[in-house]
Amino acid sequence: MNALRIVRIGFVINLRMLGTSGFFLLTSTIQPVIFATVAFYMFKSGGRSGTLLYAALGAGMMGVWSTTLFGSGGMIQWQRWQGTLELGVGAPPPMALVYLPFTLANAFTGMYALAATLVWGRIVFGVPLHFVHPWLFLLALPASVVALGLMGLVLASTFVLYRYANALSNLLEYPVWIASGLVFSTQVLPAWTRPISWVLPPYWGILALRHAALGGEVWGPLAMLTLLSIASLAISTLTFGLFEHLARARATLSLT
Amino acid sequence: MTRWLRVFFVGGVIAYRGLFNWIRPAMYIPTMLGSPLFQLIFFTKLGQYAHAQSRDFYVVGNSVQVCAMSSLYGMTMSVANERWFGTLGPLLASPANRAAVFLGRGLPVLANGLLVSAFTFGAGVLLLGFRPGLGALPALALILVITVASCTGLGMLLGSIGLRAKDVFFASNLAYFLMLLFCGVNIPLDVLPSWMSLVGRCLPLTHGIAAARDVAAGAPLSQVAGLVWTEAGVAAAYALAGFVSFRWLEHASRRSAVLDTY
């Protein structure tokens with residue numbers, strides 16, 4: 001019960017904090033809309049038919065990933081700068097539980113991106129919002145967001161020891177967009193990249209959303225999202241414990 | 001004149017070293033080299049999937065545009081970080097020529113932008129099979145210098161706003177992404193609605209990218225001279241606008257005593 005309370009309160013507080021950040025406003029709404037527009041015009045100039053909803057979903061999912069990535073990458077660093085990291089680490093609950101609601105809120109904020117690109121696509125480009133499996137779409141959306149949030153938790157745990165977490169966040173934005181095939185099929189990538197795609201929740205997330213919207217098998221990707229979520233939770237619990245111990249033992253938590 | 005040049009060159013370099021002393025390879029490589037590299041791959045693959053333009057179109061467009069990583073963010077930080085570090089007051093209290101102080105800061109930023117663009121072009125050659133003729137390289141280099149200068153001019157304008165604005169990085173981030181849309185980086189201007197195309201023509205990069213594409217495809221420099229001169233004009237206009245804005249905001253900040261406040 002206590003754990004649920006921590007998750008609920010942490011989630012709400014972080015959601016409020018993110019709502020006041022211009023950077024997150026940009027990442028979760030404006031940037032995805034710009035990328036969606038670029039993708040729309042690129043598809044238009046290439047004459048690929050029926051790809052506008054495909055592009056809107058992909059650009060929205062790009063926003064979900066960016067928000068998760070920068071939120072999780074920045075979370076430890078911001079807490080470090082604000083001097084609240086020690087308080088979070090010193091609190092009685094496990095560190096993973098303290099930061100789980102933060103990463104979930106980051107990913108949830110990313111849902112604004114999906115809403116923004118779909119509304120933008122509908123209003124400006126007349127993208128038809130006819131989903132083949134609307135109920136499965138509503139199921140795939142939270143499943144994707146939770147899976148990305150938990151992946152963010154794994155990333156955040158590694159950033160406890162890494163001084164240049166923000167730089168790593170900058171680096172990881174495009175590669176995951178590419179390997180997950182968010183706005184293009186992974187078939188255009190070399191075959192050796194496939195295993196990388198398979199371990200990325202955004203890959204299965206966009207498959208689930210795309211199949212729910214445009215038609216196709218949804219349950220398989222949903223099962224993979226669930227599996228990866230459980231794996232991420234297990235890994236992050238271990239890594240948070242390990243990295244917290246290392247940071248305490250070396251007295252490097254503040255990294256100053 | 002010697003003093004002016006010293007403030008311009010030496011002052012610019014010292015300011016850059018001071019304001020960016022936190023940059024380490026672990027920070028620089030992922031942000032300034034890794035991110036542009038993956039941006040290039042992303043848009044090239046997206047273009048390939050969309051059956052839109054040729055591979056070279058994306059290699060040239062993105063390799064030139066990534067200079068904005070340095071030109072926009074770097075130039076913005078060159079002014080905004082003085083305020084953040086608390087050194088803006090002493091700097092503006094000094095009798096140094098403002099034009100030399102302000103424009104000198106653009107020089108290292110420009111050099112860094114050139115490095116980022118050159119690296120991305122190199123990645124295009126090695127990874128994506130971009131093959132401009134050897135004879136095109138000098139013209140390509142000249143166009144790149146002018147285009148990066150032009151983008152640095154926009155960075156100066158945004159940086160000057162850093163004298164007063166609370167969150168100037170919002171504007172830099174927004175400008176960076178809007179350039180991907182408006183400047184013909186990944187979309188030919190004739191595909192865009194006319195108003196977007198018009199906005200693009202008033203921005204840095206647009207004419208430089210068009211010239212670089214023609215030169216990479218084998219056109220002589222003389223054939224794209226009009227585009228190159230237009231880009232140089234855009235560079236001068238934005239640098240001038242940046243300086244005027246800097247001076248105006250400096251005076252306004254002194255008058256209202258808000259120079260170092262947030």
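Given the structure is predicted, the values throughout are model-derived calculations rather than measurements.
A side chain to side chain contact (heavy atoms under 4.5 Å, CB included) with B/Asn173 is found for exactly one of A/Thr27, A/Ile30, A/Leu26, namely A/Leu26. Checking each of A/Phe35, A/Trp177, A/Phe43 against B/Leu46 for a side chain to side chain contact (heavy atoms under 4.5 Å, CB included) leaves exactly one that passes, namely A/Phe43.
Heavy atoms of other residues, nucleotides or ligands lying less than 6.0 angstrom from CH2 of B/Trp248 number 12 at most. Crowding of B/Arg17 atom CZ: a count of heavy atoms from other residues, nucleotides or ligands under 6.0 Å not exceeding 12.
Two residues are said to be in side-chain contact when any heavy atoms from C-beta on lie closer than 4.5 Å; B/Ser35 and A/Glu173 fail this criterion. The side-chain heavy atoms of A/Tyr174 and B/Pro36, taken from C-beta on, include no pair separated by under 4.5 Å.
With a 4.5 angstrom heavy-atom cutoff, B/Gln48 touches chain A only via side-chain atoms. With a threshold of 4.5 angstrom between heavy atoms, B/Leu181 approaches chain A through its backbone and through its side chain. Heavy atoms of B/Met196 lying under 4.5 Å from chain A belong exclusively to its side chain. Neither the backbone nor the side chain of B/Leu33 has a heavy atom closer than 4.5 Å to any heavy atom of chain A. Only the side chain of B/Tyr58 comes within contact range of chain A, with at least one heavy atom under 4.5 Å from a heavy atom of that chain. In this structure, no portion of B/Tyr28 lies under 4.5 Å from any heavy atom of chain A.
Here the OG1 atom belonging to B/Thr44 is positioned 9.0 Å from the CD1 atom belonging to A/Ile178, to the nearest 0.5 angstrom. Between the CG atom in A/Leu171 and the CE atom in B/Met32 there is a gap of 13.0 Å [rounded to 0.5 Å]. Separating the CE atom in B/Met27 from the CG atom in A/Asn170 is a distance of 8.0 Å, to the nearest 0.5 Å. For the atom pair CZ (A/Phe24) and CZ (B/Phe170), the distance works out to 13.0 Å, reported to the nearest 0.5 Å.
Using a 4.5 Å heavy-atom cut-off against chain B, no residue of residues 199-212 of chain A qualifies as contacting.
Between B/Tyr49 and A/Tyr54, the angle of the ring planes stays under 30°, which puts this pair in the parallel group of the 30/60° scheme.
For A/Met42 against B/Ile187, the heavy-atom pair with the smallest separation is CG-CG1, 4.1 Å.
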